[in-house]
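Working notes for the structure below.
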Number of protein chains: 2
Amino acid sequence: MPTVFPLAELRRSSAPVSVIDTIIKGDCVAALEALPDNSVDMIFADPPYNLQLGGTLHRPDQSKVDAVDDAWDQFASFELYDAFTRAWLLACRRVLKPTGTIWVIGSYHNIFRVGATLQDLNFWILNDIVWRKTNPMPNFKGRRFQNAHETMIWASPDPKAKGYTFNYDAMKAANDDVQMRSDWLFPICSGGERLKGDDGKKVHPTQKPEALLARILMSSTKPGDVVLDPFFGSGTTGAVAKRLGRHFVGIEREQDYIDAAAARIAAVEPLGKTELTVMTGKKSEPRVAFNVLVENGMIKPGQVLSDAKRRHSAIVRADGTLTANGEAGSIHRLGAKVQGLDACNGWTFWHFDDGTSLRPIDELRTVVRNTMARLD
Amino acid sequence: MPTVFPLAELRRSSAPVSVIDTIIKGDCVAALEALPDNSVDMIFADPPYNLQLGGTLHRPDQSKVDAVDDAWDQFASFELYDAFTRAWLLACRRVLKPTGTIWVIGSYHNIFRVGATLQDLNFWILNDIVWRKTNPMPNFKGRRFQNAHETMIWASPDPKAKGYTFNYDAMKAANDDVQMRSDWLFPICSGGERLKGDDGKKVHPTQKPEALLARILMSSTKPGDVVLDPFFGSGTTGAVAKRLGRHFVGIEREQDYIDAAAARIAAVEPLGKTELTVMTGKKSEPRVAFNVLVENGMIKPGQVLSDAKRRHSAIVRADGTLTANGEAGSIHRLGAKVQGLDACNGWTFWHFDDGTSLRPIDELRTVVRNTMARLD
DNA sequence: GCTGTGTATGAATCTTAGC
DNA sequence: CGCTAAGATTCATACACAG
């Protein structure tokens, strides 16, 4: 079980107290200020996102969405949020080694402010990384695009900083021998990995998946490095660090989160040296929408598609839908409609004329898939 | 060939000069200030990225990478870049209709500053969209992740702004009948689409793919809308707008870009009305009161309605309301009440017995709508 | 044990017309 | 402007339970 340090005790201590592999209980900035200069190799920070939610949101079945409405996520203004961001980033920079790097995760609600503040404080952005979620929550009201990703910024503490850790070859090897890209695909944290209380409810509203942290740690730290998480929450950073043979320092205010994290980390079994392979993200058969063929010019708006025996035909519209006999819909919906069926696989039903013969549009999808094969 | 307006001439003009489907030559902010208030439906902006490149970058074979080192991309400091960003965003907001939206594209070099400035100016972010590149440039030095995406911010001019255009149903139908996500996959602009000069060199260093602009315009504008691009460059926005039956206004300083864009747009053939029609959902259909079904005799007073599984039932009254268990109300209110919910769509909840099976009353509404449509 | 069905849920800035 | 009422709206997973 990792030690928990009340911040007051850490301050009182005259001798240097090792905080390695412990959770410091207290305010993030105050705790950071109690740590020595240049003492950590990497920082992963998952700060409050400052979501500005209106009323309650219901799913189409009228069930209520359990929103993030915790007090710690509320800020009265952007100015206050920016001041908070400046304060913890400055405190982070002091404890970070010159060869270290910092990761910050956020959404469009806060990440632009975080990124601008990082630049204002003379951090040097190395990459912005997109976490694409395989299973994001839908947009229930249909008024926006489905918010299907979060953004991480990876930065070094100074534009002139040299010698930061980036395990390029490990990343490349883990990615079918091509360079690891800036867009990563992972499921959200759910199922058995998601910490639940005795009441069966989630312990923390924004627990991050271990696979995400594993890729971060494998890419930008070495075994034995010290990883600091100033917003420790349910302790994902600590659990993954321990499993991967890294040390951690967590900072957290709420006792409930600390208790859950400490128990969680205690149960982690570190991997042996030979097992320290990089976790790979989710691979899946690329799903190609018909619209991709239109957008790429393989099928043109106005073009006529027909079934294999030319009994039915339809016209392609610019939005990637088809129209025929005054009806319209996706390739599947309209294929079903013209046949009077409930369902239809539009990919095999609809054909295009290549000048010589009718060919199923599925052939074009295969072409697209082959060019996208590595991209999930 | 689209008309080109020297800004000086536009200002001299005492009569209102229509700038629709023209390229205004001049400084971005000055040109915007010459346009009327609330006059454009959508803005797409591809501002300078403020890339801070060090020396010359070489590929592993020692060939030189043709970097973006144009004078227009250079800013002495973040402060200057922010001031520039504020100026053009403020000018954009004035010409944008309250129901309009703005798209801005950038990379990690500038997008955080743009996003924070948008928020500071009280724009309301609707989504951040990730353009995942199928064929990004590799990271030649192997010191970072491959920078494989750019970020777009989609925002409305005010948090309270309502009525912006989002063609949700068209996006969903185009995407195999599931919601369009915030991560989009497109190739970079290359091959025949890439404008080349007589010397065979690319005309513009950051020409965007037409497919990207097509999805943007299809998602957030209607045919006939006016789309403004304050950094017109090689005119991708104008070319796609013309093809998709939208109007454009371009602003550009450099004569070489204007010449290339004007010729390019002149060659574009607009699509016809059929191809430009997009999928719409129930939201856009005329409202039909339930009472109309009763008045038309499709539903009779005293008739029993029930839900799909016959768990709840209600009796139709002559005034078009329902009653059950001593309670009464509209089809929606009573549907909610019998289920103990806050809200309910009575059209899909309540069913009538056609002698064979239970059918939703929504089917009768469709019949009424089709009848109404024939009377237009 | 296996398969199919029904239900629950996740960092969410999530309606609009009409009076 | 504020209020009320109409009525539109979900994808991927995990899990419990039935057959």
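The chains referred to below are lettered A, B, ... by the order of the sequence lines, with proteins before strands, and numbering in each begins at 1. A quick note: this is a predicted structure, and the numbers were derived from the prediction, not measured.
With P as the reference atom, C/dC14 and C/dG18 are 23 Å apart, rounded to whole Å. With both ends at atom P, the span from D/dC15 to C/dA11 equals 16 Å, rounded to whole Å.
For the pair A/R143 and D/dA8, the criterion of a side-chain N or O lying under 4.0 Å from OP1 or OP2 is not met. For C/dC14, neither phosphate oxygen OP1 nor OP2 lies less than 4.0 angstrom from any side-chain nitrogen or oxygen of B/Y164. Checking the phosphate oxygens (OP1, OP2) of D/dC11, a side-chain nitrogen or oxygen of B/K172 falls inside 4.0 Å. For the OP1/OP2 pair of C/dA11 and a distance below 4.0 Å, the side-chain nitrogens and oxygens of A/R194 include at least one atom meeting the criterion. In this structure, A/K202 reaches the C/dG10 phosphate: one of its side-chain N or O atoms is under 4.0 Å from OP1 or OP2.
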Heavy-atom protein contacts under 4.0 Å, nucleotides 1-7 of chain D, coded B base, S sugar-phosphate only, - none: -----BB
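A donor-acceptor contact shorter than 3.5 Å links the side chain of B/D319 to the backbone of B/T321.
In summary, B/R365 and B/D362 engage in a salt bridge, as defined by a charged side-chain N under 4.0 Å from a carboxylate O. Under the 4.0 Å criterion applied to side-chain N and carboxylate O atoms, A/E210 and A/R264 are assigned as salt-bridge partners.
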Dot-bracket pairing map - DNA chain D, Watson-Crick plus G-U, both contacts under 3.5 Å, | cross-strand: .|||||....|||||||||
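Counting heavy atoms of neighbouring residues, nucleotides and ligands inside a 6.0 Å radius, atom CZ of B/R86 does not exceed 12 of them. Other residues, nucleotides and ligands contribute only 12 or fewer heavy atoms inside 6.0 Å of the CG atom of B/D342. More than 12 heavy atoms of other residues, nucleotides or ligands shown are found within 6.0 angstrom of CZ on A/R143.
Along DNA chain D, the nucleotide nearest to A/P138 and the one nearest to A/G192 differ in position, and the one closer to the 5' end is contacted by A/P138.
With hydrogens and angles ignored, a donor-acceptor pair under 3.5 angstrom links the side chain of A/D46 to the base of C/dA11. Between the base of D/dT9 and the side chain of B/Q179 there is no donor-acceptor pair shorter than 3.5 Å. One cannot find a donor-acceptor pair under 3.5 Å joining the base of C/dA8 and the side-chain atoms of A/K64.
Looking at heavy-atom distances under 4.0 Å, A/Q207 makes no contact with the nucleic acid at all.
Distance from the side chain of B/I125 is smallest for C/dT13 among the nucleotides C/dA11, C/dT13, D/dT9.
By the 5.5 Å and 30° criteria, B/W124 is stacked with the base of C/dT13.
Near DNA chain C, defined here as any heavy-atom distance below 4.0 Å, the residues from residues 107-115 of chain A are A/Y108, A/H109, listed numerically.
Cation-pi contact between B/R132 and B/W184: absent, since separation from the ring centre below 6.0 Å together with deviation from the ring axis within 45° is not met.
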